[in-house]
Amino acid sequence: MPELLRSVQHILKAEDTLEGAGVRLKRAFGNGEVPLFDPFLLLDNFGSTDPRDYVAGFPWHPHRGIETVTYMLEGQVDHEDSLGNKGRIDSGDVQWMTSGSGILHQEMPQRKEGEFQGFQLWVNIPSKLKMAEPAYRGLSGRDIPSIRNDSGTVKVVAGTHQGVEGPVKGIPVDPTYLDVALRPDAAFELPVKKGHTVFSYVVDGGARFEGRDGLVPAKRVVLLGDGDTVRLRAGAEGARLLLVSGRPLHEPVAWYGPIVMNTQEQLSQAMSELRHGTFIKAREIREG
Ligand code: FE2
């Protein structure tokens with residue numbers, strides 16, 4: 001079978017956004033883009049050298065119906081949740097949290113010299129699993145395999161690249177999550193599943209994508225059309241990018257703040273449970 005290259009469908013510039021208790025971040029996509037990135041709901045890029053932009057953090061708040069994936073490139077985030085997990089997400093670490101029926105947590109960035117940089121991706125959960133038990137995966141950077149060659153380095157958080165499998169498994173939407181660092185002008189190719197949603201977020205430098213002239217600069221998210229192969233090339237300064245794919249759900253999305261369900265009734269139910277203190281269904285620790 002000849003390969004079918006995925007070409008650029010949309011390029012969006014990450015927008016300055018204020019979140020949590022006053023964290024300045026760049027939002028690559030969010031609830032204004034539903035259902036374009038299905039099954040992905042939101043991608044935020046934290047990044048600042050000024051602690052005032054991030055130390056207010058994300059104090060105690062609920063989630064239901066989604067998975068939140070926090071990946072830190074530089075800096076530390078202290079977290080604590082209603083499952084009893086407590087710890088620090090350090091540079092290079094990933095926290096893949098499945099809120100399922102409900103979780104309360106806080107995510108507090110720690111003051112640091114120099115650059116603080118990281119990402120949070122929201123992954124939707126299929127309707128039949130939205131009220132399933134929560135799960136938590138805290139991965140040290142050492143747990144994340146990387147592939148090095150002449151082109152650069154690829155870290156595999158989830159999915160498989162060149163026979164190397166990432167440590168995050170068993171996620172309903174079958175995601176691939178790669179952190180790709182390319183040398184200047186290096187080419188990169190990735191086989192992907194046809195029908196899956198694929199996007200790339202350019203973190204630093206710039207890259208050229210199939211079917212579009214010109215360099216896509218940093219802080220842009222590129223949504224690719226269908227096909228079975230992603231092909232791109234770094235610009236003269238090299239490129240650091242995230243490459244993410246997943247199986248679209250094609251289900252209705254009802255979204256209120258940190259809770260994403262399928263219907264308004266389910267959202268109202270969640271709000272009522274929060275008011276009455278019955279939101280949390282599971283308090284046991286379950287390591288995913
Ligand atoms: Fe959160």
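Numbering of ligands and ligand atoms starts at 1, following listing order. Computed from a predicted structure; not experimentally measured. Below, each value reflects all heavy atoms present in this structure, side chains not excepted, and no hydrogens, waters or symmetry copies. One-based numbering along the sequence shown.
Of the angles at the Fe ion (ligand 1), the one spanning NE2 of His63 and NE2 of His61 is 90° when given to 10°.
Taking the Fe ion (ligand 1) as reference, His105 places its N/O/S atom NE2 nearest. Glu107 contributes atom OE1 as its closest N/O/S atom to the Fe ion (ligand 1).
The six-membered or imidazole ring of His79 lies near that of Tyr136, with a centre-to-centre distance under 6.0 Å.
Using the six-membered ring where Trp is involved, Tyr54 and Phe116 have ring planes that are parallel, under 30° apart on the 30 and 60° scheme.
Judged by distance alone, the side chain of Arg6 and the main-chain N or O of Gly225 form a donor-acceptor pair under 3.5 Å.
Under a 4.0 Å N-O distance rule, the pair Arg240/Asp204 does not qualify as a salt bridge.
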